[in-house]
Participant: 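Below you'll find the structure I mean.
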Amino acid sequence: MLDKKTSDQIVADLTSHIKLSMGFKVWMAFLSVSLLVCLYAYFLQLRDGMIVTGLGDYVSWGMYLANFVFFVATSLIGMLISAVLSLLNQKWAAPLARIAEIIALAFAAVAGLVIIMDMGHPERLLNVFIHGRIQSPIVWDVTVVTIYVLISALFLYIPLLPDLKICSEKLTNIPPFARKIYTLLSLNWSGTTEQKNLIKKSTGALSIFIIPVALAIHTVTSWLFANTSRAGWDSTIFGPYFVIGAFVAGTAAVVVAMFVFRKAFNLEEYITDFHFDKIGKLLVLVSLLYLYFNINEYMVPAYKMKHADAFHIQTLFTGSYAPLFWATQILGLILPIILLILKPMRKPLPLLIISIFVILGAWFKRYIIVVPTMEHPFLPVQNVPINFKVYSPTLIEIGVTIAPMIMAVLIITILSKVIPVIPIHETLEHRNEQEK
Amino acid sequence: MSEQSKKPNDKSRRDFLQNIGMAGVGTLLGGAAVWAGFNYDSKKTAKQRIKVLTAENKLVEIEKDAILDIEKSPAQQLTYLQQRGRDGLEGKRFVMVIDLSKCQNARKCMQACQEAHHLRPEQHHINVLKMQETATTQPYYMPKPCQHCDNPPCTAVCPVDATFKRQDGIVLIDNERCIGCRFCMAACPYSARLFHWQEPLFSEQDKDLVYDVEQNVPQRRGTISKCLFSADKLREGKQPSCVSACPNGVYYFGDENEDVVTNGTTKESFRFRKLLADNGGYTLMPELGTKPRVYYLPPKGKTSPFQEKDKEEAAEHFHG
């Protein structure tokens with residue numbers, strides 16, 4: 001289909017969304033107002049202390065931590081789609097690489113804020129650098145998340161250079177200062193063979209380097225739990241279990257972004273049913289792997305039923321957390337796998353609906369990992385008020401949890417309005433190759 | 001005659017002058033003596049000497065009025081208390097022994113602790129738990145302070161070294177450094193830590209106090225607090241608040257290096273290792289490898305019965 005289009009048409013198609021449309025303004029206004037409301041909730045927490053949350057001396061980590069894990073998890077998709085699939089020469093994923101990188105950058109950058117919002121003394125954040133102790137997994141986490149944000153930014157930026165040049169040349173309806181910024185950011189890209197090789201080499205190096213860093217951020221995040229001796233966390237498979245779970249959440253997030261961009265930016269010819277079919281299959285693959293890890297994670301302790309583990313497993317399987325546990329496992333994992341095996345379910349709309357369920361399941365799965373374990377420590381919870389025994393998040397807490405989600409969507413929205421979400425340069429090259 | 005008569009005159013004038021001189025000297029001497037005498041008493045007190053120990057551990061005598069009070073700013077005092085709190089008491093290895101056969105759930109320990117560390121009624125450095133292992137075994141009361149582990153999981157995970165292990169075995173928290181991430185709470189298998197979710201109980205009264213790491217007062221919102229073995233009292237040679245408050249002789253406290261522990265109620269001293277050996281002493285959850293410094297003697301031959309009203313709560317532990 002693209003063969004019939006001229007280069008200029010393709011460029012026009014792929015840059016058409018870089019403008020401040022009415023829809024964009026309305027959407028931004030909505031996001032900004034919602035963000036302000038949620039930030040007010042955070043202001044209340046700063047003013048009155050963390051008593052405004054549902055946390056207590058036993059469930060001392062709750063929604064915020066679950067949210068943090070979710071954000072780190074989702075950000076891993078940049079590594080899977082842009083690095084791993086391109087190294088495996090999966091050409092179909094190339095048009096989706098930038099969408100994945102935008103999601104990765106937005107979620108990784110915001111993950112840092114999520115964890116700061118969980119701190120009792122956020123103004124003492126610098127202590128982590130002044131008095132940092134190498135033994136603490138938090139110090140490892142801060143280090144690798146920072147590195148991952150930087151690499152993700154580079155990984156987004158370097159392949160973008162030719163497109164920035166195209167933007168500065170072809171976008172005629174934007175103010176002159178904006179064109180100057182595009183020219184400046186394109187770093188004098190002129191499309192010489194030397195420059196092309198340089199981009200190829202640096203992107204290749206980044207694709208390899210980003211893999212261990214991405215694995216590290218989520219493995220270290222899993223160690224925040226696995227490095228304690230608590231029932232439900234004391235597990236040696238937490239690292240890979242979290243990483244695979246991250247791919248599930250991230251792939252579903254990319255599906256949602258693909259669907260929205262395709263509709264909003266008229267990219268039907270560039271993000272086709274073929275791409276949805278392929279990414280649907282990828283979602284099945286990572287979900288099956290995740291199911292395998294889930295079976296390991298719950299079957300092994302459930303077989304032995306050691307004292308503390310037994311109570312944890314009972315709480316999840318038949319106890320107070322059973323509805324949420326089975327909802328995440330069935331609606332967020334097992335049903336999506338079964339449905340996505342059927343080809344019609346990998347069409348854009350059904351895939352979108354399934355992906356939304358997967359994302360919700362992924363978020364609540366992290367809640368299931370964090371909260372029930374804290375409710376059941378080794379020693380009995382006694383002589384404390386009832387709200388210390390059973391955790392229920394407050395409205396303020398929910399607001400503070402939603403704030404970073406809005407921030408991530410804001411970043412994604414803004415990026416999608418200033419850079420082409422489908423790589424133009426690569427699309428053109430790909431077409432030229434096919435013509436030959 | 002005149003010459004002769006002059007002589008005595010001369011003589012008498014010399015005598016006179018001599019006498020005056022003598023009197024003058026006498027007066028001077030006397031005056032000086034009186035003056036010295038008057039001064040004697042005041043000098044005696046002013047030059048009072050006292051013995052002091054120098055920084056080099058040398059005993060010296062100095063005049064008391066030579067002592068200068070060094071005015072420390074609150075910031076300097078804080079730094080001093082923080083450093084002292086981290087150094088701990090040299091040569092000591094504090095241990096606690098809790099005799100479960102004597103605990104009657106009087107909760108005087110919890111009360112004394114909450115008073116000493118300015119805590120709310122639901123905030124526990126030490127908590128008396130109702131325990132029962134299986135449906136067939138007897139329930140018992142178990143006071144649970146921080147175990148002051150020799151391999152503490154809490155200090156390992158602290159990203160800023162706010163919680164630390166001292167040479168005398170005590171695990172403390174510096175709430176001037178704590179960032180409030182609560183990783184230590186997640187890591188502690190004994191649920192020994194609490195967090196100030198709201199303004200601490202006495203934050204208004206305590207606001208001018210200089211923070212003492214060894215007492216963890218003033219308590220601070222957004223930071224962790226925990227049992228300190230009353231490190232401030234130990235520095236004064238006293239026993240921890242919970243130990244001395246117990247009416248039932250549950251607690252023994254002492255120094256492992258000296259191999260002596262003293263009962264907080266009866267003040268009787270025992271050989272620490274012998275006490276454990278004779279009574280089947282043990283530690284909580286030794287399989288975790290945390291190496292607690294708090295030892296328990298089993299609830300064998302309890303003199304007082306487990307109260308009927310507490311049985312249900314105790315049974316929850318084994319989920320029976």
Side-chain angles (χ1 to χ4, degrees), chain A residues 46 48-53 55-61 65 115-116 118-142 223-225 227-231 233-234 307-308 310-311 314 370 373-374 377-385 388, chain B residues 107 110 121-124 127-133 142 144 153-162 164 174-199 220-224 284-285 287-290 310 313-314 316-319:
Chain A
L46 286 179
D48 301 337
M50 294 188 81
I51 189 76
V52 301
T53 68
L55 298 164
D57 284 348
Y58 291 87
V59 184
S60 50
W61 279 353
L65 248 284
I115 208 70
I116 290 171
D118 185 55
M119 285 166 56
H121 274 280
E123 84 283 2
R124 291 182 182 172
L125 182 68
L126 279 182
N127 280 5
V128 177
F129 303 97
I130 301 168
H131 303 291
R133 289 175 80 243
I134 201 77
Q135 298 96 313
S136 172
I138 288 186
V139 172
W140 311 340
D141 222 4
V142 169
W223 287 348
L224 297 183
F225 308 99
N227 277 3
T228 71
S229 45
R230 290 187 177 237
W233 291 354
D234 183 9
H307 180 85
F311 194 65
Q314 275 165 2
V370 175
T373 286
M374 298 229 84
F378 290 115
L379 294 172
V381 180
Q382 291 172 357
N383 312 322
V384 288
F388 274 26
Chain B
R107 304 205 167 190
M110 291 166 68
E122 74 272 15
Q123 295 181 309
H124 307 297
N127 195 357
V128 181
L129 302 174
K130 299 144 202 138
M131 300 286 289
Q132 188 173 2
E133 311 301 341
M142 185 180 86
K144 182 218 61 185
C154 51
T155 64
V157 298
C158 178
V160 295
D161 199 17
F164 53 89
D174 180 350
N175 80 15
E176 285 290 322
R177 187 185 283 189
C178 175
I179 61 171
C181 71
R182 310 187 298 287
F183 200 175
C184 54
M185 294 181 93
C188 176
Y190 304 101
S191 312
R193 289 169 171 257
L194 64 89
F195 185 77
H196 287 291
W197 304 98
Q198 55 187 317
E199 233 16 276
R220 214 167 151 172
R221 192 182 90 180
T223 64
I224 296 286
L284 286 186
M285 293 181 250
E287 67 276 14
L288 299 178
T290 50
D310 294 334
E313 211 175 348
E316 278 172 16
H317 183 49
F318 67 85
H319 321 302

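Chain letters run A, B, ... following the sequence lines, proteins first and then strands; every chain starts at 1. Predicted model, so just to flag it, every value in this text is computed and none were measured.
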Participant: Select one option (side chain, backbone, both, neither) describing which atoms of A:Met374 are under 4.5 Å from chain B's heavy atoms.
Facilitator: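 Only the side chain of A:Met374 comes within 4.5 Å of chain B.
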Participant: Does B:Arg220 pair with B:Glu176 as a salt bridge, N-O distance under 4.0 Å?
Facilitator: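 A salt bridge links B:Arg220 with B:Glu176.
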Participant: Chain B heavy atoms under 4.5 Å from A:Tyr58: which part of the residue, side chain, backbone, both or neither?
Facilitator: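 When you check distances to chain B, only side chain atoms of A:Tyr58 fall under 4.5 Å.
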Participant: Between B:Arg177 and A:His131, is the side chain to side chain donor-acceptor pair (under 3.5 Å) condition met? List the steps.
Facilitator: CA-CA 9 Å; B:Arg177 187 185 283 189; A:His131 303 291; 3.2 Å; yes
Participant: Heavy-atom distances under 4.5 Å only: say whether A:Trp140 touches chain B with side chain, backbone, both or neither.
Facilitator: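 A:Trp140 has no heavy atom closer than 4.5 Å to chain B.
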Participant: So which part of A:Leu224 gets closer than 4.5 Å to some heavy atom of chain B, the side chain, the backbone, both or neither?
Facilitator: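 Interface part for A:Leu224: both.
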Participant: Counting heavy-atom pairs under 4.5 Å with chain B, which one of A:Pro137, A:Gly132, A:Ala310 comes out on top?
Facilitator: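 Most pairs with chain B among the choices: A:Pro137.
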Participant: Hey, which of B:Met131, B:Glu199, B:Glu313 has the most heavy atom pairs under 4.5 Å with chain A?
Facilitator: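 Greatest number of close heavy-atom pairs with chain A: B:Glu313.
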Participant: Would you mind checking which part of A:Leu126 comes under 4.5 Å of any heavy atom in chain B, side chain (CB onward), backbone (N, CA, C, O), both or neither?
Facilitator: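 For A:Leu126, there is no contact with chain B at all, as no heavy atom is under 4.5 Å.
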Participant: Please round to the nearest 0.5 Å and tell me the distance separating atom SG of B:Cys158 and atom CD1 of B:Ile179.
Facilitator: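 B:Cys158 atom SG to B:Ile179 atom CD1 measures 7.0 Å (nearest 0.5 Å).
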Participant: Heavy atoms only, distances under 4.5 angstrom: which of A:Val52, A:Asn127, A:Ile116 has the most pairs with chain B? Name it, please.
Facilitator: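 Sorted descending by pairs with chain B, the first entry is A:Asn127.
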Participant: For the interface with chain B, which of A:Asp57, A:Ile130, A:Thr228 has the highest count of heavy-atom pairs at distances below 4.5 Å?
Facilitator: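 Option with the top pair count is A:Asp57.
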Participant: Closest approach of A:Ile138 and B:Cys181, non-hydrogen atoms and distance?
Facilitator: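 Closest pair (atom of A:Ile138, atom of B:Cys181, distance): CD1-SG, 3.5 Å.
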Participant: Considering only heavy atoms and a distance below 4.5 Å, find which of B:Lys144, B:Gln198, B:Glu122, B:Arg182 pairs most often with chain A.
Facilitator: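 The residue among B:Lys144, B:Gln198, B:Glu122, B:Arg182 with the greatest pair count is B:Arg182.
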Participant: Please classify the contact between A:Leu55 and chain B as side chain, backbone, both or neither, with a heavy-atom cut-off of under 4.5 Å.
Facilitator: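 Both parts, heavy atoms under 4.5 Å.
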Participant: Specify whether B:Phe183 and A:Trp61 have parallel, tilted or perpendicular ring planes, treating 30° as the upper limit for parallel and 60° as the lower limit for perpendicular.
Facilitator: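 Geometry flag for A:Trp61 against B:Phe183: tilted rings.
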Participant: Tell me, out of B:Ala186, B:Ala187, B:Ala314, who's got the most heavy-atom pairs with chain A below 4.5 Å.
Facilitator: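 Of the options given, most contacts go to B:Ala186.
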Participant: At their closest point, which heavy atom of A:Met119 faces which heavy atom of A:Pro122, and how far apart are they?
Facilitator: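 Heavy atoms of A:Met119 and A:Pro122 come nearest at O-CD, 3.4 Å.
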Participant: If every non-hydrogen atom of B:Asn175 is compared with every non-hydrogen atom of B:Ile224, which pair is closest and at what distance?
Facilitator: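 B:Asn175 and B:Ile224 have their closest heavy atoms at CB-O, 4.3 Å.
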Participant: Who among B:His196, B:Arg107, B:Met142 has the most heavy-atom pairs with chain A under 4.5 Å?
Facilitator: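 Heavy-atom pairs under 4.5 Å are most numerous for B:Arg107.
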Participant: Under 3.5 Å, which donor-acceptor pairs do the side chains of residues 188-195 of chain B form with other protein atoms, sequence neighbours left out?
Facilitator:
from     : atom 1 : to       : atom 2 : distance (Å)
B:Tyr190 : OH     : B:Leu284 : O      : 2.8
B:Tyr190 : OH     : B:Thr290 : OG1    : 2.7
B:Arg193 : NH2    : B:Thr163 : OG1    : 2.6

Participant: I'd like to know which of A:Asp141, A:Ile115, A:Asn383, A:Thr373 tops the heavy-atom pair count under 4.5 Å against chain B.
Facilitator: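 That would be A:Asn383.
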Participant: Closest heavy-atom contact between B:Val128 and B:Met110?
Facilitator: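 Residues B:Val128 and B:Met110, closest heavy atoms: N-SD, 3.5 Å.
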Participant: Report the residues that fulfil side-chain hydrogen bond (donor to acceptor under 3.5 Å, both in side chains) with A:Asp234, sequence neighbours left out, ordered by chain and then residue number.
Facilitator: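 For A:Asp234, no residue satisfies side-chain hydrogen bond (donor to acceptor under 3.5 Å, both in side chains) once neighbours in sequence are set aside.
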Participant: At a 4.5 Å cut-off on heavy atoms, which part of A:Asp48 comes close to chain B: side chain, backbone, both, or neither?
Facilitator: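 Looking at A:Asp48, just its backbone touches chain B.
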